[in-house]
Asker: 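Pasting a structure here, questions to come.
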Amino acid sequence: MAPSTDSEFVTIVSNDGFEFIIPRSAACVSETFRLMLSSTNFPEGRTGRCVLEDYSGVVVEKICEYFCYNEKHKDQVNVPDMDIPPELCLELLMAADFLNT
Amino acid sequence: MDGEIPLPPPRRIRHRSPATANPSATGLAVSSFQRAQRLSRFDDRSSQPSSDPALFSSDDIPASGLENYHATVSGAGRKRRYRGTWWGEQVLDPKRKRADFKDKRNVDSGVWMGSDESGAESLLPSEDGSTWGEDLRKSVLDPRKPGSSAPFLTEMENVAQTRAFRSAGESDAHRFAREVVGDCLDKGLESIDLGDFHLRTIPSGLLPPLQHLTKLPSVKEAPVSENVFTSLQPFLRIYLPNNSLSALHNDLFELSNLKVLSLRNNKLAEIPSTIRRLTALEVLNLSVNQLTYLPWEILKLMQHGELKHLTVRPNPFLPIEEAQIAEWHCKPNDKKEPENDEDSTPSFQSQEESSLNEGWAPLHVATGPITYMDMEGNPMGDSPSRNRPTPTPSGPTSPVNDAPSLREVALRAVSKLPYLEHTTDEELAEYPALLVPLLQQAREVRAAGGQPCSVCQREYVIPRTEWMEWWDFTPCENGMKMPRCPGEKLRPLPFRRFGCSFSCVPGSC
């Protein structure tokens with residue numbers, strides 16, 4: 001398979017098989033993803049497909065939403081709050097630690 | 001208790017001047033003249049003592065005039081009324097009769113009146129409510145008395161909440177403090193003196209009932225003059241001097257109608273920013289503590305709140321001569337000169353004689369360097385110490401942006417969870433280890449009632465920027481007696497300020 005480092009989009013996969021296709025720049029908000037995707041030594045870097053084994057589709061959807069939220073509000077001063085359902089916030093905290101964002 | 005006894009004189013405290021603590025380091029910048037000034041007993045130019053003012057009956061308490069001699073003074077205490085004959089024979093305390101009667105009275109008559117259940121009696125100005133409560137308590141808790149029934153017990157719970165009864169195993173200091181507070185609640189006294197109680201902490205549940213303290217109407221006798229129609233809204237004063245408090249309970253900051261707070265001579269190393277919630281505060285005394293800086297929120301109370309008299313010296317504040325300054329707003333002339341090119345007069349002076357308000361308002365003197373912090377709230381860059389500057393705003397590497405991190409976004413959601421404040425440390429320990437400190441932090445923020453960013457006012461959990469600002473507030477230290485004179489020497493003090501994102505830095509507001 002051709003290295004996908006030039007591809008504009010990457011795929012984030014949850015442990016129950018949901019796939020989220022987001023811009024590469026958005027995924028690189030996460031330091032972990034940025035390192036994964038920028039190196040060809042990792043399979044993620046070659047295929048542009050990251051599997052988050054620990055998180056379900058609901059959480060990964062929220063993570064991807066955050067990536068886009070962050071990308072959108074990068075340089076804005078008065079950033080509106082993102083809506084996080086209370087049942088997800090603990091898992092998102094864990095994910096934030098893993099993703100280093 | 002009677003507030004008419006003035007506060008005891010302060011113990012002799014060796015004034016810890018920063019110059020004596022660290023005489024060699026200041027060296028170059030400070031002239032010997034200044035040093036001599038700083039070594040003086042009062043480093044206040046106004047040489048105002050830091051202790052709380054004594055209360056005199058002739059003070060301007062509205063109800064204390066001669067024409068209102070018999071009315072209860074709404075201020076600190078009642079007037080000492082002379083009882084006795086003109087040739088000096090003292091009348092025995094008339095209250096004795098009541099006490100004797102009470103002694104003879106059978107406490108538990110075994111009869112439970114329906115009217116008692118409503119708790120109406122507790123609303124009356126009982127002479128000594130604490131002993132009344134004690135009697136009840138004994139009779140209720142005595143297991144041999146079968147008469148105590150369920151309504152009795154439920155009422156006892158209410159009473160226990162409002163009167164802050166002691167619980168077993170509590171230290172004497174806490175018990176006395178509860179008695180004092182209970183007494184003030186009973187009698188509607190608005191001045192709570194908890195000085196010299198050797199309190200290390202403020203016992204939980206002690207202060208919240210004071211939020212609902214109501215003064216008692218002073219109608220006692222038949223001729224009702226107009227003077228009795230005064231507000232029952234208390235002028236709440238809490239005096240906690242000469243204790244050993246090292247931290248302040250959040251309960252204290254719930255008292256939104258608190259007007260006067262004295263924490264003189266305690267062991268406080270930091271004033272939490274939660275103090276911003278005391279919006280009615282007019283007088284604050286923080287002298288003789290171990291403060292090295294003040295929260296920036298106090299400044300807000302001076303600028304936009306009611307705070308008119310702030311006594312903070314002496315405290316081991318970080319002297320501005322030793323601190324790193326990134327930007328001078330009000331130029332010091334004996335230093336490296338940033339951008340101003342006016343005549344060099346000695347030390348800091350306020351040179352703008354512009355508006356009328358200028359002489360009264362706090363004056364921004366300088367801003368310290370910014371410390372940037374990473375997503376976990378640890379200082380980033382090569383210099384971990386907060387006193388050393390991080391290079392530049394462009395210093396933070398990696399994808400830096402102004403949007404909150406996912407961790408922060410999630411923590412904000414956590415801090416709004418309804419049940420968070422009731423979770424204990426044991427329950428938190430069941431969560432993954434890396435979450436526990438974060439959750440504790442969120443819980444603290446929640447307990448403090450949120451934590452708005454000092455720049456953008458949005459709630460945050462983990463601060464990302466931190467810096468010191470030096471402000472001069474001489475008029476507030478004088479109790480707003482006189483404005484700052486132009487050309488006067490400024491005596492700025494450090495205020496610590498936090499921002500919630502990398503864009504929340506000085507100058508961005």
Side-chain angles (χ1 to χ4, degrees), chain A residues 10 12 20 22-39 50 52 54-56 58-101, chain B residues 374-377 380 396-420 423 427-428 430-443 446 450 452-453 455-462 464 499-505 507-509:
Chain A
V10 293
I12 315 283
F20 299 89
I22 59 172
R24 175 179 296 267
S25 57
C28 287
V29 164
S30 154
E31 184 73 12
T32 311
F33 276 163
R34 195 176 63 84
L35 292 175
M36 265 187 198
L37 292 167
S38 61
S39 160
C50 302
L52 290 174
D54 291 334
Y55 302 105
S56 65
V58 192
V59 183
V60 175
E61 183 189 9
K62 209 69 193 172
I63 292 172
C64 294
E65 187 188 331
Y66 169 76
F67 286 158
C68 299
Y69 162 85
N70 190 312
E71 165 110 325
K72 184 180 167 197
H73 298 295
K74 225 167 206 158
D75 306 318
Q76 295 181 6
V77 176
N78 217 345
V79 185
D81 263 334
M82 190 176 138
D83 186 40
I84 303 268
E87 64 273 15
L88 292 185
C89 55
L90 287 182
E91 275 188 287
L92 281 174
L93 267 184
M94 295 292 287
D97 193 74
F98 170 70
L99 297 170
N100 198 7
T101 184
Chain B
D374 64 8
M375 284 170 285
E376 292 173 63
M380 33 195 288
T397 55
S398 77
V400 157
N401 50 43
D402 301 333
S405 67
L406 178 57
R407 194 183 266 108
E408 175 67 30
V409 168
L411 271 179
R412 283 178 198 174
V414 168
S415 71
K416 292 187 174 62
L417 289 183
Y419 49 83
L420 179 70
T423 50
E427 285 166 355
L428 283 184
E430 293 170 16
Y431 291 105
L434 63 94
L435 287 190
V436 174
L438 295 175
L439 291 178
Q440 280 170 343
Q441 202 169 350
R443 190 179 55 178
R446 168 63 168 273
C453 167
V455 176
C456 66
Q457 304 303 324
R458 298 177 45 209
E459 302 273 329
Y460 73 98
V461 178
I462 300 177
R464 303 297 297 273
C500 70
S501 75
F502 289 150
S503 61
C504 291
V505 290
S508 63
C509 46

Asker: Heavy-atom cut-off 4.5 Å, strictly under: side chain, backbone, both or neither for A:N100 against chain B?
Answerer: both
Asker: Relative to chain B, which segment of A:L88 carries a heavy atom at a distance below 4.5 Å: side chain, backbone, both, or neither?
Answerer: neither
Asker: Not counting sequence neighbours, list each pair that qualifies as a salt bridge (Lys or Arg N to Asp or Glu O under 4.0 Å) and has a residue in residues 89-101 of chain A.
Answerer: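 Qualifying pairs, neighbours excluded: A:D97-B:R407.
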Asker: Taking ring pair (Phe, Tyr, Trp, His ring centres under 6.0 Å) as the test, write out the residues that go with B:Y460, two or more places apart.
Answerer: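 In terms of ring pair (Phe, Tyr, Trp, His ring centres under 6.0 Å), with neighbours along the sequence ignored, B:Y460 is linked to no residue.
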Asker: Going from CG on B:L406 to CZ on A:F98, what distance comes out if it is rounded to the nearest 0.5 angstrom?
Answerer: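 It comes to 12.5 Å.
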Asker: Passes side chain to side chain contact (heavy atoms under 4.5 Å, CB included), A:I84 versus B:R412? Steps please.
Answerer: CA-CA 9 Å; A:I84 303 268; B:R412 283 178 198 174; over 6 Å; no
Asker: May I ask you to name which of B:L411, B:L435, B:D374 has the most heavy-atom pairs under 4.5 Å with chain A?
Answerer: B:L435
Asker: Would you indicate whether the side-chain heavy atoms of B:Y419 and A:P86 approach each other to under 4.5 Å?
Answerer: no
Asker: Using the side-chain contact (heavy atoms from CB on, under 4.5 Å) rule, pick out the option among B:L434, B:V409, B:L439 that qualifies with A:L93.
Answerer: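 Exactly one pass, corresponding to B:L439.
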Asker: Taking the side chain as every heavy atom from C-beta outward, state whether A:Y66 and B:P404 have any atom pair closer than 4.5 Å.
Answerer: no
